[in-house]
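Here the structure comes first, spelled out in structure tokens, and everything after it is commentary.
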Amino acid sequence: MASSEISRRALLGGLGALGAGIALGGAGEALLQGSGADVGGAGAEALVPFHGEHQAGIATPAQDRLAFGALDVVEGASRTDLRDLLRIWTQAAERMTRGELVGASEIPSAPPLDTGEAVGSPVGSLTITLGYGPSLFDEGRFGLASRRPRALTQLPPLPNEALEADHCGGDICLQACSDDPLVAFHAVRNLARLGMGVVEHRWMELGFGRTSTTSTSQATPRNLLGFKDGTRNIRAEQRELMDRYVWVGGETDQDWMRGGSYLVARRIRIFVENWDRDYLEDQEHVIGRFKTSGAPLAGGDGEFAVPDFRAAGQDGPVIPADAHIRLASHERNDGLRILRRGYSYTDGIDPVRGTLLGGLFFIAFMQNPSQFVALQRKLGAHDALNEYIQHTGSALFACPRGLEQGEHWGERLLS
């Protein structure tokens with residue numbers, strides 16, 4: 001039996017299809033036959049539209065919770081299998097963002113199409129964002145080498161990183177964000193389950209608190225360092241900045257990426273015990289802001305005051321030369337910006353040291369990955385914060401533009 005036939009049957013098994021001879025199109029129809037039950041009884045709750053010019057979950061006001069999954073396409077899966085899976089994923093994702101079950105099977109001897117753990121939970125503005133990793137375009141896999149954007153290459157080695165293979169890379173990413181943690185997890189779990197036989201988990205991260213503000217409607221959150229984070233982040237309402245630094249435009253060599261964005265994910269461990277023992281004044285000098293108010297050390301009293309990087313004191317610059325906000329500022333990087341959308345995470349306790357395994361799961365969207373590389377080279381080499389952090393995971397994905405009604409993920413890429 002051909003490998004494509006084997007993987008196709010495996011996919012059908014993952015979908016809970018009723019019989020070995022059923023066509024994949026029939027499985028897609030079964031997927032859409034919901035029972036009418038809502039995941040969270042959406043009612044009057046505000047839902048984020050699934051279709052649009054751009055994928056939701058990028059410029060969308062950042063939700064409180066994250067489930068991020070990186071998956072690999074299994075050996076032996078064909079381009080047809082991948083295309084069919086992306087079509088089914090699109091149908092399932094659209095249903096979940098509307099607060100509906102993935103599907104329902106009334107056959108007791110077959111697995112249900114929806115795992116059911118999110119029934120009764122609020123949708124929480126669920127968004128599901130999909131991206132493609134560089135490895136998906138490798139020569140000889142799916143015939144996509146000529147469709148790989150020039151900008152989509154593996155990130156180069158960067159300062160202050162000790163990357164763990166278990167938290168790097170991936171053929172495909174699924175970013176699910178919601179104000180309810182169970183709903184976000186449910187989304188990634190169910191899509192991975194529907195893809196059994198075609199994709200498999202590579203790594204996963206759960207975020208329990210957003211660390212950035214992506215809309216003027218949101219207050220600035222705090223990270224595990226206790227400081228306000230994302231004060232000077234791009235806001236979705238700043239359309240000129242979004243077009244210049246976030247959305248891919250006519251500069252791309254691949255039409256399917258226009259209107260999309262590149263996603264950089266970095267798992268950054270924070271050595272919180274070391275940080276917690278540091279003096280308050282030292283902490284503020286490392287960041288360049290006052291901890292309680294969030295105001296810059298020089299430039300004004302409010303959080304949103306423009307930092308004065310020229311202000312000098314008796315011992316040198318009021319905002320130190322190696323302060324995080326100075327090195328990350330667009331004023332000190334030829335105007336360069338990225339859209340940050342990160343989350344705090346924890347993975348338990350280090351079994352050797354007995355210290356907390358946690359930190360920042362950094363996510364950022366940008367027009368070109370070179371934006372992140374330029375910033376991280378400077379930060380990784382000079383940032384005073386490096387004493388307390390280390391990059392342990394890394395991945396890059398190309399997130400295509402949004403879908404019109406009737407389109408599915410992969411349609412433009414795989415047509």
Side-chain angles (χ1 to χ4, degrees), residues 158-162 209-214 219-235 241 245 264 266-344 358-364 366 371-392:
L158 293 167
N160 193 33
E161 64 181 15
R210 65 180 176 89
T211 60
S212 60
T213 301
T214 57
T220 309
R222 293 181 184 268
N223 54 32
L224 294 188
L225 301 172
F227 279 76
K228 291 191 173 188
D229 206 340
T231 295
R232 306 191 79 197
N233 197 26
I234 298 177
R235 303 299 196 270
L241 293 178
Y245 295 110
V264 170
R266 301 281 285 189
R267 184 172 177 265
I268 304 174
R269 182 177 179 183
I270 299 176
F271 301 105
V272 294
E273 290 83 3
N274 295 348
W275 177 259
D276 292 342
R277 287 193 292 267
D278 200 1
Y279 297 136
L280 174 61
E281 184 179 43
D282 287 341
Q283 291 184 357
E284 292 177 337
H285 284 165
V286 167
I287 302 300
R289 292 185 178 276
F290 293 106
K291 191 166 189 176
T292 301
S293 68
L297 298 183
D301 295 332
E303 174 195 346
F304 297 102
V306 177
D308 184 357
F309 297 118
R310 297 172 298 180
Q314 293 182 345
D315 300 322
V318 177
I319 300 177
D322 59 357
H324 181 74
I325 69 165
R326 176 188 288 271
L327 294 173
S329 68
H330 59 270
E331 292 95 340
R332 299 290 165 147
N333 289 281
D334 297 321
L336 187 63
R337 297 171 182 252
I338 56 178
L339 177 67
R340 296 183 53 203
R341 216 176 190 279
Y343 288 82
S344 295
L360 169 65
F361 187 65
F362 173 94
I363 297 175
M366 62 212 70
Q371 296 166 237
F372 170 77
V373 172
L375 288 172
Q376 183 52 31
R377 280 178 173 159
K378 177 180 284 189
L379 290 168
H382 305 292
D383 193 350
L385 191 56
N386 290 329
E387 181 180 348
Y388 307 94
I389 66 173
Q390 188 167 59
H391 291 233
T392 61

Go through L336 and H330 one step at a time and tell me if the side chain to side chain contact (heavy atoms under 4.5 Å, CB included) criterion holds. CA-CA 5 Å; L336 187 63; H330 59 270; 5.9 Å; no
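Within the 4.5 Å cutoff, side-chain heavy atoms of I319 are placed close to those of I325. Side-chain contact between L339 and M366 is absent, with no heavy atoms from C-beta onward closer than 4.5 Å. When side chains are defined from C-beta on, I338 counts as touching L375, because their heavy atoms get closer than 4.5 Å. A heavy-atom distance below 4.5 Å is not found between the side chains of F361 and S344. For the pair L297/P320, a side-chain contact is recorded, criterion being any heavy-atom separation below 4.5 Å from C-beta on. Here the side chains of Q283 and I287 are not in contact, with every heavy-atom distance at 4.5 Å or above. Residues Y388 and V272 form no side-chain contact, since every pair of their non-hydrogen atoms from C-beta on lies 4.5 Å or further apart. Side-chain contact check for T213 versus N233: every heavy-atom pair is 4.5 Å or farther apart.
Taking both residues in full, the closest heavy atoms of G300 and A295 are given as O-CB, 3.8 Å, listed atom of the first, atom of the second, then distance. Closest approach of P296 to A305, counting heavy atoms only: CG-O, 3.6 Å. Residue A381 comes nearest to P159 through the heavy atom pair N-CB, 3.9 Å, listed as atom of the first residue, atom of the second, then distance. The two residues A298 and A311 have their closest heavy-atom pair at CB-CB, 3.6 Å. Of all non-hydrogen atoms in S212 and P221, the two that sit nearest each other are N-CG, 3.5 Å. For the pair F309 and E331, the tightest heavy-atom approach, listed with the atom from each and the gap, is CE1-OE1, 3.9 Å.
With hydrogens and angles left out, the side-chain atoms of H324 and D383 include a donor and acceptor closer than 3.5 Å. With hydrogens and angles left out, the side-chain atoms of R269 and T392 include no donor and acceptor closer than 3.5 Å.
Separating the CD atom in Q390 from the CG atom in N160 is a distance of 5.5 Å, to the nearest 0.5 Å. To the nearest 0.5 angstrom, H382 atom NE2 is 10.0 Å from D322 atom CG. To the nearest 0.5 Å, the span separating CZ on R326 from NZ on K378 amounts to 10.5 Å. Taking CG of L224 as the reference point, atom OG1 of T211 lies at 8.5 Å (rounded to 0.5 Å).
Taking the charged nitrogens against the carboxylate oxygens, R340 and D229 do have a contact shorter than 4.0 Å, which makes a salt bridge. With salt bridges taken as basic N to acidic carboxylate O contacts below 4.0 Å, none links E303 and R232.
Judged by distance alone, the side chain of E161 and the main-chain N or O of L158 form a donor-acceptor pair under 3.5 Å. A donor-acceptor pair under 3.5 Å links the side-chain atoms of Q371 to the main chain of Y245, judged by distance alone. Between the W275 side chain and the L225 main chain, a donor and an acceptor come within less than 3.5 Å of each other. Side chain of R210 to backbone of R341: no donor-acceptor contact under 3.5 angstrom is found. Formation of a donor-acceptor pair under 3.5 Å by the K228 side chain with backbone atoms of F290 is not found in this model.
Aromatic rings of F362 and F372 (six-membered ring for Trp) have centroids within the 6.0 Å cut-off, being under it.
Residue pairs meeting the salt bridge (Lys or Arg N to Asp or Glu O under 4.0 Å) criterion with at least one member in residues 274-289: none, sequence neighbours excluded.
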